[in-house]
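The structure presented is a predicted model; accordingly, all values stated were derived computationally and were not measured.
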Amino acid sequence: MQYQGVLTKMQTEIGDPIQYYLVFESDFIHVNQLLDKKVSLQFEKYQCLACGKNKKIFRQGYCYDDFYNQPQVGDWVMRPELSQAHLDIEDRDLEFEKKVQLQPHIVYLANSSNVKVGVTRKSQVPTRWIDQGAHEAIEVVEVPNRYLAGITEVALKEHVADKTNWRTMLKNEVVDQDLIEYKNKLKDFLPEEVQEYFIENGKETELHFPVLQYPEKLKSLNLDKTPVFSGVLKGIKGQYLIFEDNTVFNVRNSEGYVVTLTVN
């Protein structure tokens, strides 16, 4: 079987294990069904997710020009505390920013390599946790906008990590934590204006990934350096494909790359 299309992050569906899908313009691939099969990837060209042109991808699926003008990659996306739509202040496109920023947001704890704090729109739970490869997660606060979530994250970063060690996550060198206890210890460090949004009786969510074999040493596949690759698929975790020879491929990092995918 052969498929061709532009890579975007894998779509996911909660299940035991998580179900993964690659969505191309004219193809829909249930990635779980490719486990234990030989999968070949061939890089064909770039296709910017905004302008659609064959221009080298700069970051997050966009060419250089679009990365600096598209509203969905404004600084407030990575740094929610910079959100200003609640003040009617525009960054790149106020209508878009209001739509995204002025909706319920969750500040959460997730454990993928260690316990970290993060922010996501309520509508993105549990997708965000799945994308990070977290095997357990819990909601800390639910606030009405992205700015409040951002200042909460900034406050909690003083007491808990905000980064995932992707190597540890992929090797599954993880330790279970009591996230309820962890969450309750952080309550006193919440900014005053979000104390009322603390989720008192939240439960821990556990996530199971479709992995048959975890890698021991990691070799990261970069399509710019290795435009053709073939290997037996052994697992999917976060947004990574894990192959039998310890090669790992970050699909999300390759958004905007047009590939031919062949399954033997």
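- At distances below 3.5 Å, not a single donor-acceptor pair connects side-chain atoms of H105 with backbone N or O atoms of L148.
- When only modelled atom types and interatomic distance are considered, S113 and T164 share no side-chain donor-acceptor pair under 3.5 Å.
- Note on E181 versus K185: salt bridge recorded, some NZ/NE/NH1/NH2 to OD/OE distance being below 4.0 Å.
- When atom types are taken as modelled, the side chain of Q42 and the backbone of T260 share no donor-acceptor pair closer than 3.5 angstrom.
- Between the side chain of K38 and the backbone N or O of S230 there is no donor-acceptor pair closer than 3.5 Å.
- For the residue pair Y240 and N250, a side-chain donor N or O sits within less than 3.5 Å of a side-chain acceptor on the partner.
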Problem - Criterion side-chain contact (heavy atoms from CB on, under 4.5 Å) on Q103 and K122, from CA distance to verdict - result: CA-CA 8 Å; Q103 59 173 286; K122 185 179 181 181; over 6 Å; no
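- Enclosure of atom OH in Y64 is not indicated, since only 12 or fewer non-hydrogen atoms of other residues, nucleotides or ligands lie within 6.0 angstrom.
- Aromatic ring pairs are classed by plane angle as parallel below 30°, tilted from 30° to 60° and perpendicular above 60°; the pair W76 and F96 is tilted.
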Practice task
For side-chain contact (heavy atoms from CB on, under 4.5 Å), just list the numbers for V39 and N264, CA-CA rounded to whole Å, side-chain angles, deciding distance to a tenth of an Å, and then say yes or no.
Solution key: CA-CA 6 Å; V39 176; N264 296 321; over 6 Å; no
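- In this structure, E142 contributes its side chain and P104 its backbone to no donor-acceptor pair below 3.5 Å.
- Two residues are said to be in side-chain contact when any heavy atoms from C-beta on lie closer than 4.5 Å; L241 and V31 meet this criterion.
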Exercise for the section: Mind running side-chain contact (heavy atoms from CB on, under 4.5 Å) on N32 and Q19 for me, showing each step along the way? Expected result: CA-CA 6 Å; N32 297 57; Q19 301 298 303; 3.6 Å; yes
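- Formation of a donor-acceptor pair under 3.5 Å by the Q124 side chain with backbone atoms of T120 is not found in this model.
- The existence of a salt bridge linking K56 and D224 is confirmed by a sub-4.0 Å separation between a basic side-chain nitrogen and an acidic carboxylate oxygen.
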Problem - Stepwise side chain to side chain donor-acceptor pair (under 3.5 Å) check, D176 with H135 - result: CA-CA 8 Å; D176 286 341; H135 67 280; 2.9 Å; yes
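- In this structure, the side chain of R92 engages the main chain of Q70 through a donor-acceptor pair within 3.5 Å.
- At least one donor-acceptor pair under 3.5 Å links the side chain of E204 to the backbone N or O of L179.
- No side-chain donor-acceptor contact under 3.5 Å links N114 to the backbone of T168.
- The aromatic rings of F43 and Y257 lie tilted to each other, with the angle between the two planes from 30° to 60°.
- Closest of all the heavy-atom pairs between V251 and K9 is CG1-CA, 4.4 Å.
- Considering V258, L261, V259 in turn, V258 is the only one that fulfils the side-chain contact (heavy atoms from CB on, under 4.5 Å) rule with Q4.
- Remark: K183 qualifies as a cation-pi partner of F198 under the 6.0 Å distance and 45° angle criteria applied to the six-membered ring.
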Practice task
Assess whether ring-ring contact (aromatic ring centres under 6.0 Å, His included) is satisfied between Y21 and F28, documenting all intermediate values.
Solution key: CA-CA 7 Å; Y21 305 90; F28 186 81; 5.2 Å; yes
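- For the pair K98 and E90, the salt-bridge criterion is not met [side-chain N within less than 4.0 Å of a carboxylate O].
- Listed for the N69 side chain is a donor-acceptor partner under 3.5 Å among the backbone atoms of D65.
- Side-chain N or O atoms of N246 include one that pairs as donor or acceptor with a backbone N or O of E216 at under 3.5 Å.
- Checked for salt-bridge contact, K116 and D162 miss the test: no charged N lies under 4.0 Å from a carboxylate O.
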Practice task
Test side-chain contact (heavy atoms from CB on, under 4.5 Å) on K53 and C63 and set out the steps.
Solution key: CA-CA 8 Å; K53 295 177 182 174; C63 65; over 6 Å; no
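- Shown here for K55 and C51, the closest heavy-atom pair between the two residues is CD-SG, 4.2 Å.
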Exercise for the section: May I have the step-by-step check of salt bridge (Lys or Arg N to Asp or Glu O under 4.0 Å) for E200 and K187, ending in yes or no? Expected result: CA-CA 10 Å; E200 290 285 355; K187 184 178 180 181; 2.7 Å; yes
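- A donor-acceptor pair shorter than 3.5 Å can be found between the side chains of T262 and Q2.
- Contact check for V125 versus Y108: no side-chain heavy atoms found under the 4.5 Å cut-off.
- The aromatic rings of H86 and Y147 sit parallel to each other, their planes meeting at less than 30°, with 60° as the upper class boundary.
- When every heavy atom of Y20 is checked against every heavy atom of G238, the shortest pair comes out as OH-O, 2.9 Å.
- The environment of CG in D75 is sparse: at most 12 heavy-atom neighbours from other residues, nucleotides or ligands sit within 6.0 Å.
- Side-chain N/O atoms of N145 and Q101 include no donor and acceptor closer than 3.5 Å.
- A centroid separation of less than 6.0 Å is found between the aromatic rings of F243 and F229.
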